[in-house]
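Here the structure comes first, spelled out in structure tokens, and everything after it is commentary.
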Amino acid sequence: MGVCPLCNGLEASTASCPKCERVMEDKGRVMDYFDDYSPYMEIDGMKQIDGYGQTLQLNQCPHLLFCSQCVEDQVVFIQE
């Protein structure tokens, strides 16, 4: 299991919105939105069912980014 720099506060997201180019807000791991208990589940176990196929094998953490200006969101894969 790797360490996600965004989840652990080691780095901040600098991804820009594709429409307005403002810095998008990191809303956390995608799998934390699955249900009420998913934020408390084992991360590697959740990566097996996150719907992205190889996040576990590639040591990636899928994060949801949001632009409040455009109300646009996107998923980015953060290397652990």
Side-chain angles (χ1 to χ4, degrees):
M1 181 170 124
V3 174
C4 175
L6 294 186
C7 288
N8 290 285
L10 302 173
E11 294 178 9
S13 174
T14 58
S16 298
C17 175
K19 289 187 177 180
C20 71
E21 299 194 13
R22 291 180 183 223
V23 174
M24 298 180 82
E25 182 181 350
D26 177 22
K27 293 294 191 176
R29 297 180 305 169
V30 170
M31 51 264 208
D32 287 352
Y33 291 93
F34 289 174
D35 64 32
D36 293 341
Y37 296 101
S38 58
Y40 308 105
M41 302 296 288
E42 180 189 344
I43 294 171
D44 284 349
M46 292 300 291
K47 285 183 179 184
Q48 294 175 359
I49 61 166
D50 66 4
Y52 294 108
Q54 295 190 346
T55 53
L56 181 61
Q57 294 85 354
L58 298 176
N59 289 323
Q60 294 177 330
C61 188
H63 275 250
L64 179 64
L65 301 183
F66 178 74
C67 177
S68 58
Q69 177 71 28
C70 300
V71 191
E72 189 75 23
D73 60 23
Q74 69 179 17
V75 174
V76 296
F77 297 92
I78 306 302
Q79 191 61 47
E80 298 176 331

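Model, not experiment: these values are computed from the prediction.
- Put simply, Leu65 and Tyr33 are part of two different groups of oily side chains (I, L, V, M, F, W, Y) that touch within less than 4.5 Å, one to the next.
- Residues Phe66 and Val75 do not share a hydrophobic cluster, defined by chaining ILVMFWY side chains whose heavy atoms lie under 4.5 Å apart.
- To the nearest 0.5 Å, atom OG1 of residue Thr55 and atom CE of residue Met46 are 10.5 Å apart.
- In this structure, the separation between CD on Glu11 and SG on Cys7 is 11.5 Å, given to the nearest 0.5 Å.
- Between Lys47 and Met31 the shortest side-chain heavy-atom distance falls below 4.5 Å.
- With contacts defined as side-chain heavy-atom distances shorter than 4.5 Å, the pair Gln74/Pro18 qualifies.
- Proximity of Pro5 to Ile78: side-chain heavy atoms (C-beta onward) are separated by under 4.5 Å at one or more points.
- The line from SG of Cys17 to CZ of Arg22 is 9.0 Å long, rounded to the nearest 0.5 Å.
- The nearest pair of heavy atoms linking Val23 to Ser13 is CG1-O, 3.7 Å.
- The closest side-chain heavy-atom distance from Cys67 to Lys19 is not below 4.5 Å.
- Of the possible polar contacts, none joining the Gln60 side chain to the Val76 backbone as a donor-acceptor pair under 3.5 Å is found.
- Residues Asp32 and Ser38 bring no donor and acceptor atom of their side chains to less than 3.5 Å of each other.
- Using a 4.5 Å heavy-atom threshold, the side chains of Ile43 and Arg29 count as touching.
- Both Met41 and Ile49 belong to a common hydrophobic cluster when Ile, Leu, Val, Met, Phe, Trp and Tyr are linked at side-chain heavy-atom distances under 4.5 angstrom.
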Using the side chain to side chain contact (heavy atoms under 4.5 Å, CB included) rule, take Leu58 and Phe77 through it: C-alpha gap first, then chi angles, then the decisive distance, then the call. CA-CA 10 Å; Leu58 298 176; Phe77 297 92; over 6 Å; no
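- Side chain of Asp26 to backbone of Gly28: a donor-acceptor contact under 3.5 angstrom is found.
- A donor-acceptor pair under 3.5 Å is formed between the side chain of Asn8 and the backbone N or O of Cys4.
- For the pair Val30/Tyr52, a side-chain contact is recorded, criterion being any heavy-atom separation below 4.5 Å from C-beta on.
- For Pro62 against Asp50, the heavy-atom pair with the smallest separation is CG-OD2, 3.7 Å.
- With hydrophobic clusters built from ILVMFWY side chains whose heavy atoms lie under 4.5 angstrom apart, Leu6 does not share a cluster with Leu64.
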